[in-house]
Engineer: 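If you scroll down you'll find the structure; I have some questions about it.
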Amino acid sequence: MENRRYIKFIDVTNRDGVQTSRLGLAKLQKTIINIMLDKLGVHISEFGFPVTGHEINYLNGNLELVERGVIKKTKLSGWMRAIAGDVQKSFKNVPKLQYLNMSQSTSDQMINGKYLGKKTRADILEITKEAILEAKKYNVKEIGINAEDASRTDIKQLIEYAQVAHEAGANRFRYCDTLGYDDPQTAYERVKLIAQETNMDVEMHFHNDLGMAVACSVLGAKGAIDGGVNAYINTAINGMGERAGNADLVSCILAIAKSSGFKEKYFIDPNIDLSQAWKLAKYTAYAFGVPIPINQPAVGDNAFAHESGIHADGALKDRKNYELYDFEELGRGEPEIIETGRMITVGEYAGIKGFRNVYENLELEFEDEDEARNILELARYANVHTQKPLTDDELRFIYNYPDIAAKVMTVEPYYEPTRSMKERIKEGDKLIIS
């Protein structure tokens with residue numbers, strides 16, 4: 001048992017998922033997702049960008065939830081570039097940050113195409129080392145170092161990059177298939193070699209541009225375990241993410257827990273509670289405004305639907321004939337009641353009577369009228385914040401943690417104008433807008 005290696009999950013919905021073009025999440029929604037990831041038992045939530053001004057209150061508020069024991073199992077990790085200046089700014093903005101992932105481009109394509117000849121490979125190694133050493137000054141608990149475009153980086157150079165990072169104090173190496181370029185077999189071979197050569201735990205970060213993100217993630221994890229280290233799969237709920245998305249969280253969990261090549265041979269994080277999957281997938285789909293595809297594994301509407309006579313007959317006789325796992329394992333099976341008569345909701349223009357009715361249905365009581373009106377005011381702001389009808393989980397969160405709800409929904413003007421913009425604002429009364 002002491003030498004057992006595990007496959008754990010680092011969900012990046014609140015970092016990479018929200019970078020999905022034309023979509024996004026409100027800070028309250030990101031907070032609810034972190035709480036739900038904790039209930040699912042995900043090892044780490046990469047919860048945002050500590051260098052970004054509009055994230056500051058949200059990030060600090062969620063770390064307060066950790067301190068209060070609301071988020072217990074899931075560690076909250078901030079993402080930043082592997083640059084010492086970004087590290088300094090991150091800890092200025094979010095002083096209690098304990099887990100982080102830092103990213104640097106490693107392929108010749110990225111070094112030449114992004115830095116335009118201004119940086120060499122030796123420069124990249126030195127910059128990364130400086131960033132890790134800077135992070136160590138803040139007594140962080142874990143540092144993951146990311147190799148952007150790892151799949152198009154020469155393997156010897158990639159190993160050198162990982163080794164330099166490890167010597168500087170990085171705990172994990174993130175293999176980023178930034179363009180979804182790898183195939184499963186290649187992913188297995190490259191990750192296994194990196195694990196053997198560096199003795200670093202390896203994260204799999206695969207994009208779905210060729211439709212192989214889940215397969216590459218799972219085979220990459222197998223390569224890490226076979227190479228003698230722990231494996232971490234980066235996922236996004238419902239496969240959200242840039243372009244064609246990231247590896248889907250539930251699909252990756254099921255692939256390891258249920259597939260013939262992994263089940264009882266490779267060990268999944270024992271904290272995972274699959275019964276929370278359905279609720280998490282539904283909420284995330286609602287928050288993003290992107291319906292779950294009907295044929296999505298495990299959580300799609302047709303995942304347990306049978307129409308063919310032969311299939312229906314077989315499933316009714318014994319579900320194992322045509323179902324690989326039980327829908328109850330995912331938290332599915334409870335009937336969903338859709339109100340078709342009178343409905344009272346809480347929104348930005350809600351009044352106290354309707355508001356009280358909604359909370360009475362949630363079996364939540366108020367000490368007095370003053371408390372009720374305080375929570376009502378927060379619920380109004382929450383509706384303005386999300387621009388969606390508030391869910392039961394959101395309403396309960398506002399009731400239980402009103403101070404943190406207020407904090408995460410507040411985006412203060414951290415922006416400070418400089419140079420010509422500062423002069424423009426100073427002279428604003430003289431501006432003529434044509």
Side-chain angles (χ1 to χ4, degrees), residues 10 12 14-16 19 44-53 55-56 59-60 63 75-178 194-195 197-205 229 232 234 414:
I10 298 178
V12 299
N14 281 335
R15 197 278 299 175
D16 208 337
Q19 292 178 217
I44 290 176
S45 171
E46 195 164 78
F47 72 144
F49 303 88
V51 297
T52 303
E55 292 267 83
I56 294 174
L59 295 172
N60 285 312
L63 290 175
K75 300 173 176 64
L76 301 181
S77 176
W79 187 98
M80 66 204 69
R81 296 177 300 174
I83 299 173
D86 276 22
V87 175
Q88 294 164 0
K89 187 175 181 180
S90 292
F91 282 94
K92 178 182 177 182
N93 291 341
V94 190
K96 295 181 180 179
L97 195 64
Q98 294 182 318
Y99 302 90
L100 58 150
N101 268 82
M102 299 189 291
S103 184
Q104 190 58 260
S105 304
T106 57
S107 68
D108 288 339
Q109 169 63 45
M110 289 282 187
I111 293 173
N112 296 326
K114 289 176 67 174
Y115 288 116
L116 301 176
K118 297 176 182 179
K119 294 285 188 295
T120 65
R121 181 164 300 282
D123 293 331
I124 295 299
L125 293 175
E126 188 59 30
I127 292 168
T128 302
K129 181 179 178 180
E130 289 174 359
I132 295 169
L133 293 174
E134 183 65 30
K136 297 292 285 185
K137 295 178 183 178
Y138 297 92
N139 297 315
V140 295
K141 291 185 177 179
E142 288 181 13
I143 299 173
I145 191 67
N146 308 354
E148 185 186 25
D149 208 19
S151 53
R152 295 193 298 173
T153 302
D154 175 81
I155 191 65
K156 292 181 179 179
Q157 294 172 342
L158 197 60
I159 290 169
E160 180 187 16
Y161 175 80
Q163 288 172 333
V164 168
H166 197 194
E167 290 170 5
N171 304 95
R172 295 187 314 276
F173 174 74
R174 177 177 288 182
Y175 182 94
C176 300
D177 184 20
T178 306
I194 292 167
E197 293 294 322
T198 67
N199 198 34
M200 288 181 78
D201 290 347
V202 184
E203 296 182 34
M204 318 306 138
H205 185 91
V229 302
Y232 297 80
N234 288 185
Y414 288 99

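Numbering starts at 1 and runs along the sequence shown.
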Engineer: Please say which of Asn146, Val87, Thr128, Asp86 ends up in a side-chain contact (heavy atoms from CB on, under 4.5 Å) with Met102.
Structural biologist: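 Among Asn146, Val87, Thr128, Asp86, the one meeting side-chain contact (heavy atoms from CB on, under 4.5 Å) with Met102 is Val87.
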
Engineer: Decide side-chain hydrogen bond (donor to acceptor under 3.5 Å, both in side chains) for Glu142 and Asn171; before the verdict, give the C-alpha distance in whole Å, the side-chain angles of both, and the deciding distance to 0.1 Å.
Structural biologist: CA-CA 6 Å; Glu142 288 181 13; Asn171 304 95; over 6 Å; no

Engineer: For Val12 and Arg174, work out which heavy atoms get closest and say how close.
Structural biologist: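 Between these two residues, the closest heavy atoms are CG1-NH2, 4.5 Å.
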
Engineer: Where do Ala162 and Met200 come nearest, in terms of heavy atoms and distance?
Structural biologist: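 Minimum heavy-atom separation between Ala162 and Met200: O-SD, 3.4 Å.
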
Engineer: Hey, could you give me the NE2/CD1 distance between His166 and Ile143, rounded to the nearest 0.5 Å?
Structural biologist: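 These two atoms lie 11.0 Å from each other.
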
Engineer: Closest heavy-atom contact between Ala82 and Ile145?
Structural biologist: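 Closest pair (atom of Ala82, atom of Ile145, distance): CB-CD1, 4.1 Å.
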
Engineer: Please give me the minimum heavy-atom distance between Ala168 and Ile132, naming the atom from each residue.
Structural biologist: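 The answer is O-CG2, 3.5 Å.
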
Engineer: How long is the span from the CH2 atom in Trp79 to the CG atom in Asp16, to the nearest 0.5 Å?
Structural biologist: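 Taking CH2 in Trp79 and CG in Asp16, the distance rounds to 9.0 Å.
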
Engineer: Of all heavy-atom pairs between Lys118 and Asp123, which one has the smallest distance, and what is that distance?
Structural biologist: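 So the minimum-distance heavy-atom pair works out to O-OD2, 4.2 Å.
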
Engineer: Roughly how far, to the nearest 0.5 Å, is the CD atom of Glu55 from the CG atom of Asn14?
Structural biologist: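 Asn14 atom CG to Glu55 atom CD measures 8.5 Å (nearest 0.5 Å).
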
Engineer: Within this structure, what is the CD1-CG distance for the pair Ile111 and Leu116, rounded to the nearest 0.5 Å?
Structural biologist: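 Ile111 CD1 to Leu116 CG: 12.5 Å, rounded to 0.5 Å.
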
Engineer: Could you tell me if the side chain of Ile194 sits less than 4.5 Å from the side chain of Tyr175, heavy atoms only?
Structural biologist: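 Yes; the side chains approach each other to less than 4.5 Å.
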
Engineer: Salt bridge check, Glu134 against Lys137: does any charged N sit closer than 4.0 Å to a carboxylate O?
Structural biologist: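 Judged by the 4.0 Å cut-off on N to carboxylate O distance, Lys137 and Glu134 do form a salt bridge.
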
Engineer: Assess the side chains of Ser77 and Glu46: does a donor N or O sit below 3.5 Å from an acceptor N or O?
Structural biologist: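 Result is no, nothing qualifies.
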
Engineer: Would you indicate whether the side-chain heavy atoms of Val140 and Leu97 approach each other to under 4.5 Å?
Structural biologist: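 Counting from C-beta outward, Leu97 and Val140 never come under 4.5 Å.
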
Engineer: Find the distance between NZ (Lys119) and CD (Glu126) and round it off to the nearest 0.5 Å.
Structural biologist: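 If we round to the nearest 0.5 Å, Lys119:NZ and Glu126:CD are 12.0 Å apart.
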
Engineer: So does Ser107 get a backbone contact from the side chain of Thr153, meaning a donor-acceptor N/O pair under 3.5 Å?
Structural biologist: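 Judged by distance alone, yes, a pair lies under 3.5 Å.
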
Engineer: Which heavy atom in Leu76 sits nearest to a heavy atom in Tyr99, and how many Å separate them?
Structural biologist: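 Closest approach of Leu76 to Tyr99: O-CB, 3.7 Å.
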
Engineer: Evaluate whether atom NZ of Lys75 has more than 12 neighbouring non-hydrogen atoms of other residues, nucleotides or ligands under 6.0 angstrom away.
Structural biologist: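 Correct, the count exceeds 12.
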
Engineer: Judged by atom type as modelled, is there a donor-acceptor pair below 3.5 Å linking the side chain of Asn93 to the main-chain atoms of Pro50?
Structural biologist: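 Yes; at least one donor-acceptor contact below 3.5 Å.
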
Engineer: Using only atom types and a distance under 3.5 Å, with no angle test, would you say the side chain of Glu130 pairs donor to acceptor with the backbone of Ala84?
Structural biologist: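 No.
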
Engineer: Are any non-hydrogen side-chain atoms of His205 and Asn101 less than 4.5 angstrom apart?
Structural biologist: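 The answer is no, as the side chains (C-beta and beyond) never meet within the 4.5 Å cut-off.
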
Engineer: Classify the angle between the aromatic ring planes of Tyr138 and Phe91 as parallel (below 30°), tilted (30 to 60°) or perpendicular (above 60°).
Structural biologist: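 Correct class here is parallel.
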
Engineer: State the CD1-NZ distance between Ile56 and Lys92, to the nearest 0.5 angstrom.
Structural biologist: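 Rounded to the nearest 0.5 Å, the CD1-NZ separation comes out at 9.0 Å.
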
Engineer: Please say which of Glu160, Gln157, Gln163 ends up in a side-chain contact (heavy atoms from CB on, under 4.5 Å) with Leu125.
Structural biologist: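 Only one option passes, and that is Glu160.
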
